[in-house]
Each structure stands twice: as C-alpha cells, then as structure tokens.
Protein chains: 2
Amino acid sequence: MTQRSRELCSCPASILMDVLSGPWTMYILWVLSTSGATRFGALKRRIEGISTKMLTERLRMLEQEGIVYRHYEPTVPPQVTYGLTERAQELVAILDQLNALAQRWYGQEKAQAG
Amino acid sequence: MTQRSRELCSCPASILMDVLSGPWTMYILWVLSTSGATRFGALKRRIEGISTKMLTERLRMLEQEGIVYRHYEPTVPPQVTYGLTERAQELVAILDQLNALAQRWYGQEKAQAG
DNA sequence: CCGTATCCTGTCGGATACTG
DNA sequence: CAGTATCCGACAGGATACGG
C-alpha cells in the first residue's frame, strides 16, 4: 500500500505523492484553483458524486499539509470556506507542468490547467 | 475512487496522476532511475515487501503508459529486464521538482532525487 | 527465472442517520 | 450549513501454488 512505500522510500516526493494520490484530491485542488475559495456545500455540489465523508477527509488532509486553509465564520448558520494557501501555489505550478506533459502525451483534449 | 475522479475531471494531469498514484509506483520509478535497467528478480529484491502480483501489475501499467520498457531475453532461464523510456526522463524531471518542493516543505532528510 | 491463477482477508469509501 | 458516527459491501492486494 501507499503508506508502506512511503516508509520504505523516505523520499520526500513520495510523501507529497501520498497526499496527492488520495481519491478526488487532484480534482479538489483543481476546483479550488480555478474557482478560488469555496464554501463546503458549494464544493460538494461542484464535485458531483463525492460523499460528505470523502470530501471532509480530503480537506482535512490537505489542510494538515498546509495546502488548503479553512476559514470558519460562526454565523447562523455557520459558513466554512476553503481555499488554497501560498504553499499550494508552488505545488499547482508543478502540477501545471505535469498537466502540460500529460497533454503532449495523451493529446490536448482540454486545457484545464490548475 | 481514483477512476471516478479521472472521468469527471478529464484533466490530462489526472490520467498521469492515476498512473503515478498506484502503490509502489513512485518507488519503482525511483529505483529504476537510480539503478538503471534492472531484472525482475533484482527489482523485487530491491523493493522489499512488494508482492510478485503487485510488482508485475505496476510494471505492466507503466509499460502500457510508455514509461517503462520490457526487454525479454529468451535464454534458459529467461531474463527479463525493465528500464525507463525516453518519455520517463521528462516525467522524472518534473518529479524531481516535486521532490525539491517536498524537501523544502518537509525538511531535507535525504536528497534521493530520481 | 519470470511470471499467471486462485483464494481469501482488510480496508476504503458510500449510504444513512444524527448533532451544533 | 457543516459536519460526525455508524454500519456494511466491494474490491484491492497478499499468500500460496502452479506453469513456460
């Protein structure tokens, strides 16, 4: 499993990959990078098919890695907004390269860079 | 699951990510990039803990994506060697950046660039 | 040596119901 | 609205045995 490979490799890139590898993760990042900060409900609606559990799990993980921030507004009803951190920008830049490479390899269907 | 997110995103990077996301995949690439072409048995020994099934699965997938090549020598006993393709070099270059980024984030324990 | 085939288990993740 | 708690089925992946 992925966790195993991280321990054995101890290569920093693997740690990052383990984070990005999670289901929906790339898609969440892409939505946040194109739409900007988004509220939980809106995020869930945009990512059609994702379960509440999955979305919160991924967001918690990304938050813990400092890639996504969480802003809680204690109104009634409460509003929680998620967005990309400074850190994430660096990451997205690299993912863009990956995207560019993938487009050259697989044909450039859509240029949905992050 | 990952497959789902690919369909929905249709972003080429996601396709690539799906490939790289597989368990052990990054580790396999790292071993191949640092050790050069390697025979199946040696590969399995270097990647301690991986099962035969897993290793063949990952190699088949990487081969299908044109990232890894397979060279079969019909000697007795047969020798099968795996190595990185030209394509893989481009990929590894980007993964190096990811590695560099990860080192800055998580501290540079070991500089095991691919 | 380099795998494939089969079985079997652990875990991931969806569905549902419920709270501040 | 934004989650948490619980249950449960599917399937990924390990162990084992066997074939070219």
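Naming: A, B, ... by sequence-line order, numbering from 1 per chain.
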Euclidean distance, atom [atom1] of residue [X] to atom [atom2] of [N] [Å, nearest integer]:
{"X": "B:Leu59", "N": "C:dG3", "atom1": "CG", "atom2": "P", "result": "8 Å"}
{"X": "A:Glu57", "N": "C:dC12", "atom1": "CD", "atom2": "P", "result": "9 Å"}
{"X": "A:Glu73", "N": "D:dG3", "atom1": "CD", "atom2": "P", "result": "13 Å"}
{"X": "A:Leu55", "N": "C:dA15", "atom1": "CG", "atom2": "P", "result": "14 Å"}
{"X": "A:His71", "N": "D:dG3", "atom1": "NE2", "atom2": "C1'", "result": "17 Å"}
{"X": "B:Arg45", "N": "C:dC2", "atom1": "CZ", "atom2": "C1'", "result": "12 Å"}
{"X": "B:Ile47", "N": "C:dC2", "atom1": "CD1", "atom2": "P", "result": "14 Å"}
{"X": "A:Lys53", "N": "D:dA5", "atom1": "NZ", "atom2": "C1'", "result": "9 Å"}

Problem - Phosphate contact (D:dG3 OP1 or OP2) by A:Tyr82 side-chain N/O below 4.0 Å - result: yes
Exercise for the section: Could you tell me whether the phosphate oxygens of C:dC2, OP1 or OP2, come under 4.0 Å of any side-chain nitrogen or oxygen in B:Arg39? Expected result: yes
Practice task
From the options A:Arg39, A:Arg70, A:Glu63, select the one residue that forms a side-chain hydrogen bond (donor to acceptor under 3.5 Å, both in side chains) with A:Tyr82.
Solution key: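 Among A:Arg39, A:Arg70, A:Glu63, the one that satisfies the side-chain hydrogen bond (donor to acceptor under 3.5 Å, both in side chains) with A:Tyr82 is A:Arg70.
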Handout entry: Closest-nucleotide ordering on DNA chain C, the 5'-leading residue of B:Gly41 and A:Thr52
Key =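 It is B:Gly41 whose nearest nucleotide is closer to the 5' end.
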Practice task
Decide yes or no for B:Leu84 and B:Leu91: does some side-chain heavy atom of the first lie under 4.5 Å from some side-chain heavy atom of the second?
Solution key: no
Problem - Check: B:Trp105 and A:Leu16 side chains under 4.5 Å, non-hydrogen atoms - result: yes
Exercise for the section: Give one of base, sugar-phosphate or nothing for A:Thr56, where a contact means two heavy atoms less than 4.0 Å apart. Expected result: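 Counting heavy atoms under 4.0 Å across all strands, the contact made by A:Thr56 is with sugar-phosphate only.
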Exercise for the section: Just call it for B:Arg58: base, sugar-phosphate, or nothing, with non-hydrogen atoms closer than 4.0 Å on any strand. Expected result: nothing
Practice task
Choose from D:dG3, C:dG14, C:dG3 the nucleotide whose nearest atom is closest to any side-chain atom of A:Phe40.
Solution key: D:dG3
Practice task
Check every atom of D:dC1, D:dG3, C:dG13 against the side chain of A:Arg70 and return the nucleotide holding the closest atom.
Solution key: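 For A:Arg70, the side-chain atoms sit closest to D:dG3.
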Handout entry: Within 6.0 angstrom of A:Arg46 CZ, more than 12 heavy atoms from elsewhere
Key =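 At most 12 heavy atoms, drawn from other residues, nucleotides or ligands, come within 6.0 Å of this atom.
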Exercise for the section: Identify whether B:Leu55 and B:Trp24 are in the same connected component of the hydrophobic contact network (ILVMFWY, side-chain heavy atoms under 4.5 Å). Expected result: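 In one cluster: yes.
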Exercise for the section: For A:Pro77 and for B:Ser51, find the nucleotide of DNA chain D with the closest heavy atom, then tell me which residue's nucleotide is more 5'. Expected result: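 The residue whose closest nucleotide sits nearer the 5' end is A:Pro77.
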